Peer 1: 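Below you'll find the structure I mean.
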Amino acid sequence: MKHIIAYSGGHSSALVAIEVCRKFGKENVILLNHDINPKVEPADVKRFKQEVADYIGVPITYANHPDWEAETPISLCVKAGTWVNPANRTILCTNRLKTAPFYDWLAENYNDGDVVYYGFDSNEPARITRRSSIMGSSGYKTDYPLALWTDRTIHNIEEIGIARPTAYSLFNHANCIGCLKAGWQHWYIIYCNYPDVYQQLIDGEEAIGYAVHGVDDWAEDKSEMFESMKRAGIEPTEKTPSSQFWARAKKALATQAAGQFDLFALPTAEKSVECTGDCKL
Ligand code: SF4
């Protein structure tokens, strides 16, 4: 029986990997990960997943897109001419970089009795139900140690002397830099801190012919407003709750750039998305 950890490079799945190894031993544990182009998966996330694997003493098993070292989420979408997977209208990069390699790997390696472990916690019952149902319909057993196990032994990775990825100081999740599922608060950070990635989004939207965030909600059109927000000192971070972040942005723009932007068109709040469930393992 194999214990297959959906090992994403994030904090939660690292805790799951440790809990499973402590409970069952490391012999039949598989840390299943998808390596992502270093242009969008920060070196510090790669450092983190390797340090946790070293601590456990299990090598990382990679199920990668064949061109992961060359392609990014945006470049894959541009090559396909679409932001979404035509089969189910979900964001395409999820499928290409993660979901498809994941299911290909399971098809070849999963045996009856194996269990796939996810890092969802007890606040995510809907995701657990959905994931159990999707996986169960294909014959795959799942478990959710952070939500369901009562004999937890670790809650923060720092307890074993490993620092969580620095990405968590800015972002709520260790997603790709420039996540195509994320809202404008995330993309304001990208505009401020990763302008080359922001420019790739602008170029990608022009090449594909429609905007990833919604009808006529173009990245290029946001640039000027983001520049004004930057001048006004709006901190680029996901650590400010979304409603507070956009309230501050609107107030700053109303005083410093009065009449220039349609403030009613700005979000009031955005859901913070994790590349999980449909996407991250
Ligand atoms: S983290 Fe975001 S950009 Fe990366 S694969 Fe998932 S949805 Fe796409």
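Note that the structure is a prediction, hence the values are computed from the model and not measured. Counting convention: from 1, in listed order, for ligands and their atoms alike.
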Peer 1: Give the atoms of ligand 1, by number and element, whose distance to some non-hydrogen atom of Thr94 is under 4.0 Å.
Peer 2: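 This gives 7 (S) as the contact atoms.
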Peer 1: Closer than 4.0 Å to some heavy atom of Lys181 - which atoms of ligand 1 meet that?
Peer 2: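 Here the atoms of ligand 1 in question are 7 (S).
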Peer 1: Is the ring pair Tyr117/His3 parallel, tilted or perpendicular, if the boundaries are 30 and 60 degrees?
Peer 2: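 Tilted.
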Peer 1: Would one find an N, O or S atom of Cys176, in either backbone or side chain, under 2.8 Å from atom 8 (Fe) of ligand 1?
Peer 2: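 Of the N, O and S atoms in Cys176, none lies under 2.8 Å from atom 8 (Fe) of ligand 1, which means no.
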Peer 1: Taking only heavy atoms of Leu180, which atoms of ligand 1 are found under 4.0 Å from at least one of them?
Peer 2: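 Those of ligand 1 that fall under 4.0 Å from Leu180 are 2 (Fe), 3 (S).
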Peer 1: Which residues satisfy the side chain to side chain donor-acceptor pair (under 3.5 Å) test with Lys230, sequence neighbours excluded?
Peer 2: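 For Lys230, no residue satisfies side chain to side chain donor-acceptor pair (under 3.5 Å) once neighbours in sequence are set aside.
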Peer 1: Apply side chain to side chain donor-acceptor pair (under 3.5 Å) to the pair Trp218 and Glu206, showing each step before the final yes or no.
Peer 2: CA-CA 9 Å; Trp218 302 91; Glu206 189 181 352; over 6 Å; no
Peer 1: Between the side chains of Lys79 and Asp67, is the shortest nitrogen-to-carboxylate-oxygen separation below 4.0 Å, so that they form an ion pair?
Peer 2: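 No, Asp67 and Lys79 are not salt-bridged.
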